[in-house]
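In this chain, residues are counted from 1 in sequence order.
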Amino acid sequence: MKTIVTLLAAVALLQGSSWKNGLADANGLRSQGRVTEAAVLYQKVVEQARHCDLSAPGAAADLTNLALQFYLDAQYVDAEALYRLALQAWDIRGPEAIRERAITTGDLGNLLRATGRYAEAEPLLNRSLAEIEAVSGSDSPEAAQALDHLAALYREQGKLPDAATAAERARRIFDKRVKPGDPDRAANRQILAAIYLDQRRYEEATSLLQGNLQQEDEQIRSAAYNSLAAAMIGEGNYHASEKAARRALEIDQHMLPANHPATAAAWNNLAQACRFQHRYPEAEHAYRQALAIWENALGPQHPKFAASLVNLAAFDHELGRDADAEQLYTRAIGIFTASVGEHSAQALVARNELAAVWCSERRYTESEELTRATLAELQKTLAPDDPRLIRALSNYARLLAETKRTQEAKTVKARIRALE
């Protein structure tokens, strides 16, 4: 894994020989799955780094490498502090470090994206890409990595066409400039596969993910298993999905710190697989595990936490627990509105699902008003064949059928069949 290489690279400057021994011990503990004990030793590294000489040779690179490790471990507060220190150190280096500073700027933007701070992340990621292209060229591996960061941001903002464009451009660069086994190339496949999954392009996503299962890095393999679990859910292969999700969860629990967001994603996919096999107690347990980890790791205002609320709300609605579902959807809508905007696809979809709950409760007037409003906006925002729009149309057709407008319902259902 990147852990040993990344941390040992920073030893000479920041820690000295005694810290080198401590880091070696931490890496050993982590490889044994003793992540809590390892975390204590890693924390000593970051505390020493906060007080290092930023003008010393190698300081900027070592701080950047350390920040990456803490980012990978989802220790976002420490990672952000280290990245900002690294930027100060690159500034001291002056014009000779423009390229390295631009890359670190992108790394910081990617961290802010991971923590749901999209408004702060986007200008940093765009600046990073522009500066890298100016210094290294628009077809450089560094530019491809910057494009991947932007693709991940666009995907989380619900801008799937923009996300696909950025990730596919990055893929073309990697195909031309980077060896097949390179970790950055694997990261690109993972991002692109996630976008394809959102677009229900399951076969293309699965093809990309199979390549990542051959990587030595266990975290890359875990992410691939997790995304394969999502693809198999989309294809209706719930038993295989459960198997893949459990494999991802097994790797994550062995290799990652407690409450890592990747573990939450594995729990969520396991919940979905159990739910669609009608094993509801197991599904609910897994949903709540995912929810708790996302809240702990990312905070109660993060869009991923809101997405987890939506999943649990859909589960409650399926079981007829509409009061609980309404409460969860309402909470999710508030988070999405604050984080990605009132008119974002995520907020609109959650409001449309809330309208479906009201329909089930026979609150038809309220349901229709909200359904029409959200459907109109989704039609302006999303492509005609976007799965989220098709789902909203299905909710509208159900409302029309419930209110005895049979012909109108048939017309909407015919439109859905033409899109699928």
Do Ile335 and Leu309 have side chains that approach each other closer than 4.5 Å (heavy atoms only, starting at C-beta)? yes

Which heavy atom of Glu342 sits nearest a heavy atom of Arg351, and at what distance? O-NH1, 3.0 Å

Dump the intermediate steps for side-chain contact (heavy atoms from CB on, under 4.5 Å) on Ile416 and Ser394, then the final yes or no. CA-CA 7 Å; Ile416 292 170; Ser394 297; 3.5 Å; yes

Step by step, work out the side chain to side chain donor-acceptor pair (under 3.5 Å) result for Tyr71 and Asp78. CA-CA 8 Å; Tyr71 167 77; Asp78 288 332; over 6 Å; no

Short side-chain donor-acceptor distance under 3.5 Å, Arg372 and Tyr396: yes

Do we see a donor-acceptor contact under 3.5 Å between the side chains of Asn188 and Arg185? no

For residues Val310 and Glu353, determine if any side-chain heavy atom of one lies less than 4.5 Å from a side-chain heavy atom of the other. no

Measure the acute angle between the ring planes of Phe315 and Tyr287, then classify it against the limits of 30° and 60° as parallel, tilted or perpendicular. tilted

Take Asn110 and Arg113 through the side-chain contact (heavy atoms from CB on, under 4.5 Å) test and state the conclusion after the steps. CA-CA 5 Å; Asn110 194 46; Arg113 184 272 311 166; 3.0 Å; yes

List the atom of Ala313, the atom of Ala325, and the distance in Å for their closest heavy-atom pair. O-CB, 3.4 Å

Lys/Arg-Asp/Glu bridge criterion (N-O < 4.0 Å) met for Arg279, Glu284: no

Any side-chain heavy atom of Leu389 sitting closer than 4.5 Å to one from Leu375? yes

Any donor-acceptor N/O pair, Ser207 side chain to Glu204 backbone, under 3.5 Å: no

Please list, one pair per line, the donor and acceptor atoms closer than 3.5 Å that link side chains of residues 256-263 to other protein atoms, with sequence neighbours excluded.
residue, atom, partner, partner atom, Å
Asn259, ND2, Asn296, OD1, 3.4
His260, ND1, Ala262, N, 3.0
His260, NE2, Leu72, O, 2.8

Would you kindly say whether Ser227 and Gln190 are connected by a side-chain donor-acceptor distance under 3.5 Å? yes

For the pair Ser241 (side chain) and Ala273 (backbone), establish whether a donor and an acceptor sit closer than 3.5 Å, ignoring hydrogens and angles. no

Could you tell me whether the side chain of Thr374 and the main chain of Thr371 form a donor-acceptor pair under 3.5 Å? yes

If every non-hydrogen atom of Ala290 is compared with every non-hydrogen atom of Ala264, which pair is closest and at what distance? CB-O, 3.4 Å

Minimum heavy-atom separation for Ala307 to Phe336, with atom names? N-CZ, 3.7 Å

Going by atom types alone, do His239 and Gln277 pair a side-chain donor with an acceptor below 3.5 Å? no

Of the options Asp148, Leu147, Leu208, which is the one that meets Arg171 in a side-chain contact (heavy atoms from CB on, under 4.5 Å)? Leu208

Please report the shortest heavy-atom distance between Ala350 and Tyr329, naming the atom on each side. O-CD2, 4.0 Å

Side-chain contact test, heavy atoms from C-beta onward, threshold under 4.5 Å: evaluate it for Arg155 versus Ile191 and give yes or no. no

For the student: nearest non-hydrogen atoms of Leu378 and Ala345, plus distance: CD2-O, 4.4 Å

Taking the side chain as every heavy atom from C-beta outward, state whether Tyr154 and Thr165 have any pair of such atoms under 4.5 Å apart. no

So, Thr115 side chain and Leu111 main chain: donor-acceptor pair closer than 3.5 Å or not? yes

Are more than 12 heavy atoms, taken from residues, nucleotides or ligands other than Glu122, located less than 6.0 Å from that residue's CD atom? yes

Could you grab the distance from atom OG of Ser360 to atom CG of Asp322, nearest 0.5 Å is fine? 5.0 Å

Please examine the side chains of Met232 and Glu242, heavy atoms only from C-beta on, and report whether any two atoms are closer than 4.5 Å. no

State, with a plain yes or no, whether a side-chain heavy atom of Glu326 is found less than 4.5 Å away from one of Leu354. yes

Mind running side-chain contact (heavy atoms from CB on, under 4.5 Å) on Glu168 and Arg172 for me, showing each step along the way? CA-CA 6 Å; Glu168 286 165 354; Arg172 290 192 293 273; 4.1 Å; yes

Between the side chain of Thr337 and the main-chain N/O of Ile333, is any donor-acceptor distance below 3.5 Å? yes

Side-chain (Asp182) to main-chain (Asp184) donor-acceptor, under 3.5 angstrom: yes

Counting only heavy atoms not in Glu203 (residues, nucleotides, ligands), do more than 12 fall under 6.0 Å from its CD? no

Whether the side chain of Arg221 engages the backbone of Glu216 through a donor-acceptor N/O pair (distance < 3.5 Å, no angle test) should be reported. yes

Mutual orientation of the aromatic rings belonging to Tyr118 and His302 [parallel < 30°, tilted 30-60°, perpendicular > 60°]: perpendicular

Polar side-chain atom of Asn269 near backbone of Asn226 as donor-acceptor pair, under 3.5 Å: yes

Taking the basic N atoms (NZ, or NE/NH1/NH2) and the acidic carboxylate oxygens, is any pair closer than 4.0 Å for Glu282 and Arg275? no

Quick one: do Arg93 and Arg101 satisfy side-chain contact (heavy atoms from CB on, under 4.5 Å)? Show the steps, please. CA-CA 9 Å; Arg93 294 274 302 277; Arg101 193 190 193 286; over 6 Å; no

Between Glu133 and Arg169, is there a side-chain N and carboxylate O pair less than 4.0 Å apart? yes

Inspect the contact between Lys380 and Glu377 and indicate whether a charged nitrogen and a carboxylate oxygen are less than 4.0 angstrom apart. no

Would you say Leu112 and Glu80 make side-chain contact, with heavy atoms under 4.5 Å? yes

